[in-house]
4 protein chains.
Amino acid sequence: MPVTKDVLLLQVITHNRMTDKKEKILIAALKLFANEGYNATSTSKIAKEAGVSEGLIFRHFGNKEGLRDAILLDGEEKARIFFADIIFETDPQELIRKFLNLSRKVAEDQEVSDFWKLQYKLKWELEVYGEHKMEPLEHALSVAFSKMGYPEPALEARLLLINLDGIATRYFLQKNFDLDAVISFMHTKYKL
Amino acid sequence: MPVTKDVLLLQVITHNRMTDKKEKILIAALKLFANEGYNATSTSKIAKEAGVSEGLIFRHFGNKEGLRDAILLDGEEKARIFFADIIFETDPQELIRKFLNLSRKVAEDQEVSDFWKLQYKLKWELEVYGEHKMEPLEHALSVAFSKMGYPEPALEARLLLINLDGIATRYFLQKNFDLDAVISFMHTKYKL
Amino acid sequence: MPVTKDVLLLQVITHNRMTDKKEKILIAALKLFANEGYNATSTSKIAKEAGVSEGLIFRHFGNKEGLRDAILLDGEEKARIFFADIIFETDPQELIRKFLNLSRKVAEDQEVSDFWKLQYKLKWELEVYGEHKMEPLEHALSVAFSKMGYPEPALEARLLLINLDGIATRYFLQKNFDLDAVISFMHTKYKL
Amino acid sequence: MPVTKDVLLLQVITHNRMTDKKEKILIAALKLFANEGYNATSTSKIAKEAGVSEGLIFRHFGNKEGLRDAILLDGEEKARIFFADIIFETDPQELIRKFLNLSRKVAEDQEVSDFWKLQYKLKWELEVYGEHKMEPLEHALSVAFSKMGYPEPALEARLLLINLDGIATRYFLQKNFDLDAVISFMHTKYKL
DNA sequence: TATGAATGAGGCTTCATTCAT
DNA sequence: CATGAATGAAGCCTCATTCAT
């Protein structure tokens, strides 16, 4: 999977170009936006959390929206990396299996979990779904379903992604949600 | 289904007891909270939208949270009414058909649509899922699947509800989401 | 002491003319103004404490100042009654003895205590001393000191009243103030 | 008395460290709190008087209480300085003479006068006497009376302080109060 | 690049007061 | 006489943003 590596490399380079403090701001903002929401997080709280003066946020990102957009841009990249392993899978059954296990992978890593929580929180707060981010994944799923002989592969793919949104909703918001039970059940439904 | 009617009647009576202005505030707040979010909606905006002095909000609801909670309480009742028709359906196939058409019904009425949008927006803003509201519906679906001979009726029911969350996410956030295509496809998947 | 009796009688009559609710407002306001201050006491708090609608305050007293003035007027009367026993004392030594014991009498009755606390609190909040209320008392003390052969009876009287203000300051504000010790000491200073 | 001088010097240095605007706020608040009372003075009035934005008050002092406490803290220091000259006097007669002239000194300087007025106003508004501030002075007076052979030096000292409270009450609240007459009379009473 | 004092607009809330009933 | 819904001004405070250093 050379793509992943390249992207990761690119990311490292980009990050090295950033000042320490600029990155501290991004990390602090990510954490606070994810846990308290965009509107509920003040720039002064971000500055405090980042250990940085408030003015610096505006020097680096222009304004609060600029900071938010920088985080979202960062996110698109991270999402691409996160999805790359699935998209380039050639065995259809394995591809779907990997897709279904996505949420388990998210659940395993607190930082990744926080990142996706932010994505969903911002979606709802800003009312922008950002569907283009999911297109490659939807396409790959569609191809897989097609190979497996499903009569409506495009709709099957879309349904699966919709399901992922539903699972995310539950996973991030419902305290006692049993993720494993649902994922296992889906595996059996798709005969994997 | 006399229960539904009684509840509706009760509601009408209750509403008539409310001052005109108190209800105007509730309606304005519902609309604004749903479309801009709780934190992003100022009490002065609500007052302006309702054609009312800002102070009146606090006389009737104590504070902004009180207003929010009043709307949520109202919502629980409306949700019960909204679900009643499904829950009391005795034919399992018809029950699931009605359930799948829920989102279409929501889409038909702007006010109902706003109300459900608010429910989801607040879920994410306050990070509380409020799972108990869905339990009767989940139970009814489970019974229906059981009658229809599904091997895992409880999990089928849960999955359907998760799907509903996913559809809501798309319907409210994705500009070009084709609701009908997805719903139709699900009908065929469940052989209805 | 017919004066006292007449004044008391007048008061009773006046009170009977008052509605129950009007008096409830006066009592509640007295209590709240005395303990929280004039500015810090809202009319709604008074209404709640009095078990009365907020509007009634304005029907009876015009506005918040009107209520305050009604209380102060009431106070002048009560003060006259309170001082009458001293002023009409003919034996100079006994007069001064009675005066020195004034504060002890205040300390014995919670309601009287509250009333004088209000008087001082309002003095400081409104910056009006109301010196005329004390004139008859000062005059009586002056006459007594004169009879007792003091070279500067007027100044002795004034000093004693100033002392009373100091004692009030301590009694109402200093938690561990030992009133008795100070009063006893003054008795010996004036050889009583 | 080098102590006094050192303290004053320290104060000057400290003040220079303060921003101009921070001190302007303190001065304006002192004036307004002293003349209108704490509750009756709005933060916006203070800002206007200080020629400063309202928000700055909160940046520097957190909230209105924080501003009040800053003034009170400042006050304790100033009071110590103000009393130092008396406390370190070794000649008992001179000490008492200086004490009696305290109020004259206050009356001579409008700013000092404002400061002590604030102290008393806040005492009554907050119902806290703050007796500890006066202890060193009371002790010094007690020692002086003892040296002068008074039989009850501790009570004499306390009585003198109580008298000071009474004089303050009159001086700050009674429009036509003749301070000099009373002070002169007290000088003769204490044979000074 | 980095700070933090400073600002002005706006946010939530309380208050005295009015008025229809 | 009495209520309590309704108002508008003001109060305290927070926020995003600017700017001199």
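Just so it is clear: chains get the letters A, B, ... in the order the sequence lines come, proteins before strands, and each one is counted from 1.
- Put simply, B:His60 has no side-chain N or O that comes within less than 4.0 Å of OP1 or OP2 on F:dG4.
- Within 4.0 Å of A:Ser42, counting heavy atoms only, lie sugar-phosphate atoms of the nucleic acid but no base atom.
- Phosphate proximity of E:dC12 to B:Thr43: present, with a side-chain N or O under 4.0 Å from OP1 or OP2.
- In this structure, C:Lys64 atom NZ and E:dT14 atom P are separated by 15 Å, rounded to whole Å.
- Regarding A:Ile25, its CD1 atom lies at a distance of 11 Å from the P atom of E:dT1, rounded to whole Å.
- The local environment of CD in A:Glu76 is crowded, with over 12 non-hydrogen atoms from other residues, nucleotides or ligands closer than 6.0 Å.
- In this structure, the CZ atom of D:Arg68 is 18 Å from the P atom of F:dG11, given to the nearest Å.
- Separating the CZ atom of A:Phe58 from the P atom of F:dT17 is a distance of 5 Å, rounded to the nearest angstrom.
- Pairing for F:dT3 goes to E:dA20, judged as Watson-Crick or G-U wobble with the two contacts each under 3.5 Å.
- Rounding to whole angstrom units, CZ of residue B:Phe61 and C1' of E:dC12 are separated by 16 Å.
- Listed nucleotides F:dA2, F:dC12, E:dA6 differ in distance to C:Arg59; the shortest reach to its side chain belongs to F:dA2.
- Remark on DNA chain F: of its neighbouring residues A:Lys45 and A:Gly62, the 5'-side contact belongs to A:Lys45, judged by nearest-heavy-atom nucleotide.
- Using modelled atom types, one finds no donor on one side chain facing an acceptor on the other under 3.5 Å when comparing A:Thr41 with A:Glu36.
- Put simply, D:Ser44 has a side-chain N or O that comes within less than 4.0 Å of OP1 or OP2 on F:dG11.
- Among E:dT17, E:dC12, E:dA6, the nucleotide with an atom closest to any side-chain atom of D:Lys21 is E:dA6.
- Atom CD1 in C:Ile57 sits about 13 Å away from atom C1' in F:dG4, given to the nearest Å.
- The distance from atom NZ of A:Lys22 to atom CZ of A:Arg59, rounded to the nearest 0.5 Å, is 11.5 Å.
- Here the P atom of nucleotide E:dA5 and the NZ atom of D:Lys22 are 9 Å apart, to the nearest Å.
- Taking only side-chain atoms of D:Ser53, from C-beta outward, the nucleotide of E:dG8, E:dT13, E:dT17 with the closest atom is E:dG8.
- Separating the NZ atom in D:Lys78 from the CH2 atom in D:Trp116 is a distance of 11.0 Å, to the nearest 0.5 Å.
- Note: NZ (D:Lys24) to P (E:dA5) measures 16 Å, nearest angstrom.
- Along DNA chain E, the nucleotide nearest to D:Gly51 and the one nearest to B:Glu65 differ in position, and the one closer to the 5' end is contacted by D:Gly51.
- Closest to the C:Leu56 side chain, of the nucleotides E:dT17, F:dT7, F:dA2, is F:dA2.
- B:Lys121 and A:Glu127 are joined by a salt bridge, as a carboxylate oxygen and a charged side-chain nitrogen come within less than 4.0 angstrom of each other.
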